[in-house]
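Working notes, beginning with the structure itself.
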2 protein chains.
Amino acid sequence: MSDMTNTAITTFTIGELAQEFDTTTRAIRFYEDQGLISPAREGQKRIYSPADRITIKLIMRGKRLGFSLAESKELIDLYNAEDGNRMQHVRVLEQVNASRERLLQQKADIEIMLLELEEHENRIQADMKKP
Amino acid sequence: MSDMTNTAITTFTIGELAQEFDTTTRAIRFYEDQGLISPAREGQKRIYSPADRITIKLIMRGKRLGFSLAESKELIDLYNAEDGNRMQHVRVLEQVNASRERLLQQKADIEIMLLELEEHENRIQADMKKP
DNA sequence: CCCCTAGTTTACGTTAACGTAAAGGTAATG
DNA sequence: CATTACCTTTACGTTAACGTAAACTAGGGG
């Protein structure tokens with residue numbers, strides 16, 4: 001154990017997170033560069049908190065859905081905006097709705113593509129029994 | 001009417017399709033360059049068939065889901081592979097399953113993000129009533 | 001005949017999201 | 001004490017997906 005004074009806070013190294021999310025340390029540093037995460041430092045070394053880890057998880061999920069890093073950053077900033085006055089709140093709610101609509105559109109696209117895949121699969125399987 | 005000998009086949013110009021799919025002629029020509037479509041020609045001019053139009057629709061849907069053009073091309077080739085022997089069929093079915101799994105993963109990601117958005121929205125709306 | 005619109009090719013420019021290489025610091029380990 | 005395993009910064013390279021500009025053609029209108 002490295003430090004008994006620590007109150008048992010789980011932290012992660014950049015290598016651990018890279019492995020867990022099947023990415024590279026270069027990528028994770030790049031996300032920091034773009035302002036999506038700001039891990040603590042212990043000397044030179046980056047120390048990632050559970051919250052940082054969640055943020056990376058969100059980034060990866062965004063990537064799977066074709067979100068750009070800029071878009072993911074918007075979402076992250078959205079969730080991190082604790083200090084809201086009413087003006088901010090309204091804008092945040094608008095952003096939430098915009099994101100929701102995008103996701104629903106994607107969901108609809110997925111349903112269509114799944115149906116088309118199934119149709120195609122059926123045609124092929126029918127084709128395999130015939131000649 | 002341009003030609004009475006034509007048997008009433010609907011065709012499209014590149015400009016029409018660019019408008020319909022809210023993109024540019026440059027983009028559509030690029031897709032051709034990458035081998036995703038091969039429109040007919042009338043002299044120099046590209047003439048797009050309904051099938052070409054469907055292909056472009058598929059490309060656009062793919063883009064909304066974060067598919068690269070290479071990935072969309074795979075799907076298009078998948079659908080266009082009418083001339084299948086059994087070897088081909090097996091590979092096609094594998095491809096279909098791979099695509100399906102990807103889409104299901106995306107769908108799961110979307111459900112999670114929708115839930116998170118809703119949670120966040122609730123927190124904010126609760127926050128707006130308090131102080 | 002001139003202009004306008006819509007098409008064409010060719011080619012260089014641009015942005016995002018890292019990859020890759022170089023050069024170095026640090027801590028444990030044989 | 002030298003090696004190994006991770007970490008660091010800096011910086012140039014790369015790929016995808018077009019954007020943008022230049023220069024040209026073809027057809028219809030006034």
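All of these numbers come straight from a predicted model, not from anything done at the bench. Here is the naming used below: chain letters follow the sequence lines, and residue numbers restart at 1 for every chain.
- Listed nucleotides: C:dG7, D:dT8, D:dA17. Nearest to the side chain of A:Q44: D:dT8.
- D:dT15 atom C1' lies 14 Å from atom CD of B:E71, rounded to whole Å.
- Ranking C:dG19, C:dT8, C:dA11 by closeness to the A:R26 side chain, first place goes to C:dG19.
- For A:F21 and C:dC18, the CZ to C1' distance is 18 Å, given to the nearest whole Å.
- For A:T13 and D:dC7, the shortest distance from a side-chain N or O to OP1 or OP2 is below 4.0 Å.
- Distance B:F12 CZ to C:dG7 C1': 18 Å, rounded to the nearest Å.
- Between B:T24 and D:dC18 there is no side-chain polar atom (N or O) within less than 4.0 angstrom of OP1 or OP2.
- In this structure, B:E71 contributes its side chain and B:S68 its backbone to a donor-acceptor pair below 3.5 Å.
- Between A:Q19 atom CD and D:dA5 atom P there is a gap of 14 Å when expressed in whole angstrom units.
- The CD1 atom of B:I59 sits 11 Å away from the P atom of D:dA17 (whole-angstrom rounding).
- Counting only heavy atoms from C-beta on, A:K63 has its side chain closest to C:dA17 among D:dG19, D:dA17, C:dA17.
- Separation of atoms CD (A:E74) and CG (A:L69) is listed at 12.0 Å; rounding is to 0.5 Å.
- Nucleotide D:dC18 holds its C1' atom 13 Å from the CD1 atom of B:I14, rounded to whole Å.
- Atom CD1 of B:I28 and atom P of C:dA6 are 15 Å apart (whole Å).
- Near DNA chain C, defined here as any heavy-atom distance below 4.0 Å, the residues from residues 29-41 of chain A are A:F30, A:Y31, listed numerically.
- Across the protein-nucleic acid pair, A:I47 atom CD1 and D:dC6 atom P stand 16 Å apart, rounded to whole Å.
- Ion pairing between A:R123 and A:E118 fails under the 4.0 Å rule for side-chain N and carboxylate O.
- The CG atom of B:L58 lies 11.5 Å from the CD1 atom of B:I37; values are rounded to the nearest 0.5 Å.
- A salt bridge links B:K107 with A:E111: at least one charged nitrogen is closer than 4.0 Å to a carboxylate oxygen.
- In this structure, B:K45 and B:F67 both approach DNA chain D, and ranking their closest nucleotides by distance from the 5' end singles out B:F67.
- Under the 4.0 Å criterion applied to side-chain N and carboxylate O atoms, A:D33 and A:R29 are not assigned as salt-bridge partners.
- Salt-bridge annotation for A:E116 and B:K57: absent, with no side-chain N of the basic residue lying under 4.0 Å from a carboxylate O of the acidic one.
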